[in-house]
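Before any comments, here is the structure.
All of these numbers come straight from a predicted model, not from anything done at the bench. By convention in this document, chain letters (A, B, ...) are assigned in the order of the sequence lines, proteins followed by strands, and residues within each chain are numbered from 1.
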4 protein chains.
Amino acid sequence: MIIYPTDQSVSLFVSGIAFLAGVVKDMAELSSKEQKRLHIIRTAMALFAQNGIHKTKVSEIAKMAGIGKGTVYEYFRSKDGIFWNAVSQWLHEFDRVITERMSGTDDPEEQLALLIRTVFDFYQSTFEGLNITLESWLEMARLHHQLKSGKGELPEGIPDLKCHFKEYRQRVKDLLTAGIEQGKFRPMNVELTAALIFAMFDGFELHYITQRSDFEDVTQVSTVFVQMILDGIRA
Amino acid sequence: MIIYPTDQSVSLFVSGIAFLAGVVKDMAELSSKEQKRLHIIRTAMALFAQNGIHKTKVSEIAKMAGIGKGTVYEYFRSKDGIFWNAVSQWLHEFDRVITERMSGTDDPEEQLALLIRTVFDFYQSTFEGLNITLESWLEMARLHHQLKSGKGELPEGIPDLKCHFKEYRQRVKDLLTAGIEQGKFRPMNVELTAALIFAMFDGFELHYITQRSDFEDVTQVSTVFVQMILDGIRA
Amino acid sequence: MIIYPTDQSVSLFVSGIAFLAGVVKDMAELSSKEQKRLHIIRTAMALFAQNGIHKTKVSEIAKMAGIGKGTVYEYFRSKDGIFWNAVSQWLHEFDRVITERMSGTDDPEEQLALLIRTVFDFYQSTFEGLNITLESWLEMARLHHQLKSGKGELPEGIPDLKCHFKEYRQRVKDLLTAGIEQGKFRPMNVELTAALIFAMFDGFELHYITQRSDFEDVTQVSTVFVQMILDGIRA
Amino acid sequence: MIIYPTDQSVSLFVSGIAFLAGVVKDMAELSSKEQKRLHIIRTAMALFAQNGIHKTKVSEIAKMAGIGKGTVYEYFRSKDGIFWNAVSQWLHEFDRVITERMSGTDDPEEQLALLIRTVFDFYQSTFEGLNITLESWLEMARLHHQLKSGKGELPEGIPDLKCHFKEYRQRVKDLLTAGIEQGKFRPMNVELTAALIFAMFDGFELHYITQRSDFEDVTQVSTVFVQMILDGIRA
DNA sequence: AATGAATGAGGCTTCATTCAT
DNA sequence: GATGAATGAAGCCTCATTCAT
């Protein structure tokens, strides 16, 4: 069973991550302070994605955001602070979108297909975020490594990536378990399979970043992806 | 069909990437100059992997390599130069190992299984390299982006990642095509499937870096991985 | 002849510098504007004393004073302005206390003893002020130095420390001269002796700041001090 | 008994603190590294004395020292580091001079007179140092205060002023005790008297800084000073 | 009158790179 | 060839001051 993208799914998605594109409709509801914060985060993400956190200057962020250099520090404690807040924001939105999308059906197959498609959509429409996500993983791996060596503390505002990942895997595991119980999926090592499916998503992300030209038609890619996975686990 | 790791495969692998562990046997054959170059690369990789290129100081590399700071510049034009040379070295070794391993059989299924296992082995045994690989992808994506914007030139010594990836995909494509022709694999969009399989490898890499604890038994993981993929494409 | 502290002397003193403790009774008589000014000065002095002018932030002063940052600038032209006004205030109060105390007697010996004791009391009870006084001397020495070099102007509101000191020395000189005339003090270089006596006061101040623990019992110290000086000049 | 300055005493003194004037004869004996360190300290002291530590820019120090900004950091960890090293150097030289001078005689009266004269000489000939000394006391008082409040650590290289002062007081105490035993000084509270004598020195320092014009003839001042003190304690 | 968000000049420090020895 | 002292460009962040509300 293959799920084709629908207008509905797209619109759901768009509303979900619209904040990154700066099109949140009910922005007016946010306090002025919060609006500016988001504005800075958005601007910073664009630059972080383009040049990486280490080559992005705070002065650039300020300039591009149309504010003074010092103003940035009214909203964030440090450049790292901006970065981790951006990552957190990103994860939070990601959560929201996924949950929204998957709540539309109870069928494991459909849910899995929806999950896959949503992730692909998300990655495609927020290309910028991918670089940041990737960089955040690297940075975090290093932070944890340093933590073990007893050198330094975790900066404030760092999202708990491990927990984030665990939740996602759990989501997929539940889905697989349900599918197996319903006789739709063949028996399998649910734990590992979930981990691998999840890894595939991110592998695609990686390649999408570095070789975008090979994946012009994301819709088609996700279709094949879904089919491949479903064929692999279907009873 | 599942391929279990064999002593042979392991030994092949080890010799392949031994340079990273500093155990190249025929090192003596290398000129003294070349030896030192490799020594610096190895040292640098360890530090790049740990702290990233931007937080690794040339003075650190020199100190850890037991040479003077200025000496580093006798062998490399710049810090970036060290980085890209290290990445190139890594890719080169990767190529060599893969080719060596896959030449052992002509059966598409076995070859695919071998490919998968080799990559997993490679990733597992050179954990440090993963961080660098990841970082190099990010950096390269940005370099290419800047290139398009007309800002700046590509530094010397940068490996052609796109070409590298293309070769790999080609390898997998050939393998799949052969399998289909032999009636072992079902008809499929070879191009896309290859891309996805390859993406999965790297997705695993990503997760392995950030959540290593969840993948203690890499052997088992690769087994499931192989099975999943083969089941998905088998006729 | 040794002068012991009396309730009277203490009360005189307290009323004199009470402004620093925020207990000026007739505060009500001050205009609301003037009250707030004093409030800011007091708050600022506490912080200046603790951290020095250069490490005290205007925002801190405002916060601790319970007012807005901008409000501070309604009452003072600049941070330096606050500082010099605080110093002036301090000197003014000091003058007032000394005059009050010494007017109680006409005997040169008693006056000298009273002067000494008053200064000691003052220094002890307003420890915070000492740091500021010291800092003001340093700053002023530098301002004068810069003035000579033709670099920059004297900020507004700077008290004339030299004049202040001259008055004090004059006070001591008059006292000594009177003592000599009355045959109570031996003939001496009045100018120099006055300068030295005065210097001793401030020397004590210095040591009191840096090594307070060695001078727990200021009463005893001042007693010895008085005796020493009187013995040194008595006929 | 009054001690007049002698050529000998002056020459002793000059050699003692010559390092501050940059006239150490056996400089050649110092390593090149150490020479440069001293050069930076000297330059920095001149600027610190003139403008204070907070208004002295590292770039200024470098410029005036004729070296690059970064070079300063090859020799000192931070601006504070330069400051505290300068202070330590100063104290160290002070110690050396005092010890040298007082070793010339065993007579308590003469020793006291020598001590006083030496300090006066020292203060006069190294005017610049006075400002720094003063500032260091202030800074240190604050550091200790912050330490008690549990905020922050003591920077490295800070000299132990308290200990330094204690030694000096001990010197004077020994001197006084000897004088009393020899029947030359009257019985007294040695502890307090020593503290006060010492305080007087520094009081003079203070006034010398702020009102130099009033003390043109330091020789005469010290003479009066000595006389006053001796008269005050002589049996 | 009171405020505090916004600002940007300015300072400390880092570190890749050079070059004289 | 090897070295490491010297350099200065570059960047993060602070904070006194302003000004619109």
For D/His54 and D/Glu139, which I'm curious about, is there any donor-acceptor pair between the side chains at under 3.5 Å? yes
Return yes if a side-chain donor-acceptor contact under 3.5 Å exists between A/Arg37 and A/Asn85, otherwise no. yes
Using whole Å, report how far [atom1] of [X] lies from [atom2] of [N].
| X | N | atom1 | atom2 | result |
| --- | --- | --- | --- | --- |
| B/Arg77 | E/dA16 | CZ | P | 18 Å |
| D/His54 | E/dC12 | NE2 | C1' | 14 Å |
| D/His39 | F/dA5 | NE2 | P | 17 Å |
| A/Tyr73 | F/dA16 | OH | P | 17 Å |
| C/Ile53 | F/dA16 | CD1 | C1' | 12 Å |
| A/Lys69 | F/dC13 | NZ | C1' | 8 Å |
| D/Lys33 | F/dA6 | NZ | C1' | 10 Å |
| D/Ile82 | E/dT13 | CD1 | C1' | 12 Å |

Looking for any heavy atom pair under 4.0 Å, which part of the strands does [X] touch: base, sugar-phosphate only, or nothing?
| X | answer |
| --- | --- |
| C/Lys55 | nothing |
| B/Lys63 | nothing |
| A/Lys57 | sugar-phosphate |
| A/Lys79 | sugar-phosphate |
| D/Phe76 | nothing |

In Watson-Crick or G-U wobble terms, both distances under 3.5 Å, what is the partner of E/dC15? F/dG8
Tell which nucleotide pairs with E/dA2, taking only Watson-Crick or G-U wobble pairs whose two distances are both under 3.5 angstrom. F/dT21
Search all heavy atoms of D/Ala62 against all heavy atoms of D/Lys69 and return the closest pair with its distance. CB-CA, 3.6 Å
Picking from F/dT3, E/dA2, E/dC12, which would you name as closest to the side chain of C/Tyr75? E/dA2
Cationic N near anionic O, under 4.0 Å, D/Glu74 to D/Lys33: no
With nearest nucleotide decided by heavy atoms, which residue, D/Glu74 or B/Gly68, maps closer to the 5′ end of DNA chain F? B/Gly68
Pairwise distance CZ(C/Phe48) to CD1(C/Ile132) - rounded to 0.5 angstrom: 7.0 Å
